[in-house]
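Hydrogens, waters and symmetry mates are skipped; everything else that's a heavy atom, side chains included, is used. Order of the sequence lines sets the chain letters (A, B, ...), proteins ahead of strands, with each chain counted from 1.
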Number of protein chains: 2
Amino acid sequence: MTDLPAAALAQGAAPHNRRAPHGQVAPLREEILAAAARLLEERNDIDAISMRAVAGAAGVTPAAIYRHFTDRNELIFEICERCFQELDRVVEEAAASSSDPLESLRLRGRAYIRFGLAHPEEYRIWFMSKPGATPDWTVDRIMQGPVVTHLVQAVQACLDAGVIRPADPALVAFGLWSAVHGLTSLLITKPSFPWPDLDELLDHILSILAAGLVPGREELTRRAVAPFSAP
Amino acid sequence: MTDLPAAALAQGAAPHNRRAPHGQVAPLREEILAAAARLLEERNDIDAISMRAVAGAAGVTPAAIYRHFTDRNELIFEICERCFQELDRVVEEAAASSSDPLESLRLRGRAYIRFGLAHPEEYRIWFMSKPGATPDWTVDRIMQGPVVTHLVQAVQACLDAGVIRPADPALVAFGLWSAVHGLTSLLITKPSFPWPDLDELLDHILSILAAGLVPGREELTRRAVAPFSAP
DNA sequence: TGTACATCAGTGAACGCGCGTTCACTGATGTAC
DNA sequence: TGTACATCAGTGAACGCGCGTTCACTGATGTAC
């Protein structure tokens, strides 16, 4: 791959000097984002997203990128931001396909893992990169983002329906997230792992968690009696 | 930090030319490893372990390291290897402190997480770095290493004792590992996370897993009856 | 015990590399008259 | 409609940086006589 613009022109890329029509976003901005996202998907390596590589893939010189992004960090951040919103959308869509709150929680887990495996590098930046890395996907960004919020709401729904043992919903949500994240991140990190079939492993873990969360016989009995034994 | 050997000498470092006594390992090799491990602990960043930085910390020139390690990869690999063996030692020691197989499994989880948090960068290399990275902590190295082997044995012990539901021990072990790894890796990645108290969260997750793994009432009944109903 | 020599763990300087970013510029497009 | 000018999205070349690694060398230590 060369980053000579001559090569880009020879490949039929857009001419080097384009002006956005009145009031519209410069088209190159989207092209750069698309090129970078494509590179990320192809190479599965954030380090492969150098300004030179992105420029080459978009058919421009590296300096041209700085007309649309203040620096590399901003470029990568925007890719992650879009993907993060997509994650929420996909998980919510999956969760909505069952009206049983516990089954809905399982569907959430499945959708989350699948999405993570489909976007491993974005997943790495969100949840596996160290604080201070660029881009820094901060704790605040995660906690105040829709994904965690919606998960906690889903746990609350289970609590309201009485299908899981009474507990702090945030604690349950973090526990569930940890477990599902553990599987996702291991699968991303070690794709050649001799895992049992993914679906089987996933169902196994979700079943253990579900079994661990449902009220025990004693709990159900206590709750049935509670209305009559209140002080 | 400078890597001028003059500075090292001024700091009272060992003279630049040392010869290992007959048949002994060159002392500088251990000094380099110690300096690199110290840097890793201080900086919590694998990228901070450049050959120049290690050389500076050890009070030698970068080229001197190549007398003892073929390249940077080998140096880092050895640090991780030693730490990996230490992980196994610590986990086994913790597991041995209870004779109840299920409680022993919990102790394993606790020890694992604590060790991971105490050695976050080594943990990253083992379980959070991508295949092909240097050093490449391959799937084979993990699977054939003592940590996984011992975990599977511990699960088998629980199965033998009948304290968890019958299942493929490897599947159960992977499930447990995923969950505990999830918590460990999230805590490493987002240390500023507003987690509930670590001990509480840890106990919560281990309790859910344990509750999910123990035989249900039906299962216990079935098993009690089984000897008489076999064909 | 004293001298000559061999060894080899270190030095010091340099290599080539890819990186993010900067900067003076150019020339196609849009606008005003 | 035609001309002069302003705009600004691009170019092309270069910057300084830190990196892993190489290589001819040096001089303290160990050894043989």
Find the distance [X]:[atom1] to [N]:[atom2] and express it as a whole number of Å.
X	N	atom1	atom2	answer
R67(A)	dT22(C)	CZ	C1'	11 Å
D71(A)	dT22(C)	CG	P	9 Å
F69(B)	dT22(D)	CZ	P	16 Å
E31(B)	dA9(C)	CD	C1'	12 Å
D45(A)	dG18(C)	CG	P	15 Å
Y66(A)	dC19(C)	OH	P	12 Å
H68(B)	dC8(C)	NE2	C1'	10 Å
R43(A)	dG18(C)	CZ	P	12 Å

### Message
At less than 4.0 Å, is any side-chain N or O atom of T61(B) found next to OP1 or OP2 of dG12(C)? Yes or no.
### Response
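So the side chain of T61(B) is outside the cut-off, no N or O lying under 4.0 Å from OP1 or OP2 of dG12(C).
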### Any donor-acceptor N/O pair under 3.5 Å between dG20(C) base and R72(A) side chain
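Counting by modelled atom types and ignoring angles, no donor-acceptor contact under 3.5 Å is found here.
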Can you tell me the Watson-Crick or wobble partner of [N], both distances under 3.5 angstrom?
N	value
dG16(C)	dC19(D)
dT1(D)	none
dC25(D)	dG10(C)

#### Entry: M51(B), nearest nucleotide to its side chain (from dT21(C), dG10(C), dT21(D))
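Minimum distance to the M51(B) side chain belongs to dT21(D).
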### Query
Which nucleotide, dG20(D), dG10(D), dT11(C), lies nearest any side-chain atom of R52(B)?
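So the side chain of R52(B) is nearest to dG20(D).
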#### Entry: Residue closer to the 5' end of DNA chain C, A63(A) versus D47(A) (nearest nucleotide)
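Per heavy-atom nearest nucleotide, the more 5' residue is D47(A).
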### Message
Check whether H119(A) reaches the backbone of F115(A) with its side chain - one donor and one acceptor, N or O, closer than 3.5 Å.
### Response
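Flag set: sc H119(A) to bb F115(A) pair under 3.5 Å.
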### Task
Sequence neighbours left out, what passes salt bridge (Lys or Arg N to Asp or Glu O under 4.0 Å) with D45(B)? Give chain and number order.
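Once residues adjacent in sequence are excluded, the partners of D45(B) under the salt bridge (Lys or Arg N to Asp or Glu O under 4.0 Å) criterion are K130(A).
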Please tabulate, for the side chains in residues 79-88 of chain A, all donor-acceptor contacts under 3.5 angstrom to protein atoms that are two or more places apart in sequence or on a different chain.
residue: E81(A); atom: OE1; partner: R141(A); partner atom: NE; Å: 2.9
residue: E81(A); atom: OE1; partner: R141(A); partner atom: NH2; Å: 2.5
residue: E81(A); atom: OE2; partner: Q85(A); partner atom: NE2; Å: 3.0
residue: R82(A); atom: NH1; partner: E30(A); partner atom: OE1; Å: 3.2
residue: R82(A); atom: NH2; partner: E30(A); partner atom: OE2; Å: 3.0
residue: R82(A); atom: NH2; partner: E78(A); partner atom: OE2; Å: 3.1
residue: E86(A); atom: OE1; partner: R89(A); partner atom: NE; Å: 3.3
residue: E86(A); atom: OE2; partner: R89(A); partner atom: NH2; Å: 3.0
residue: D88(A); atom: OD1; partner: H150(A); partner atom: ND1; Å: 2.7

### Query
Mapping N73(B) and A64(A) to their closest nucleotides on DNA chain D, which lands nearer the 5' end?
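Residue closer to the 5' terminus by nearest nucleotide: A64(A).
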### Query
Salt-bridged, R43(B) to E121(B), with N to O below 4.0 Å?
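Between E121(B) and R43(B) there is no salt bridge, as every charged N stays at least 4.0 Å from the carboxylate O atoms.
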### Query
Around atom CD of E74(A), are there more than 12 heavy atoms of other residues, nucleotides or ligands at under 6.0 Å?
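For E74(A), atom CD is crowded (more than 12 foreign heavy atoms under 6.0 Å).
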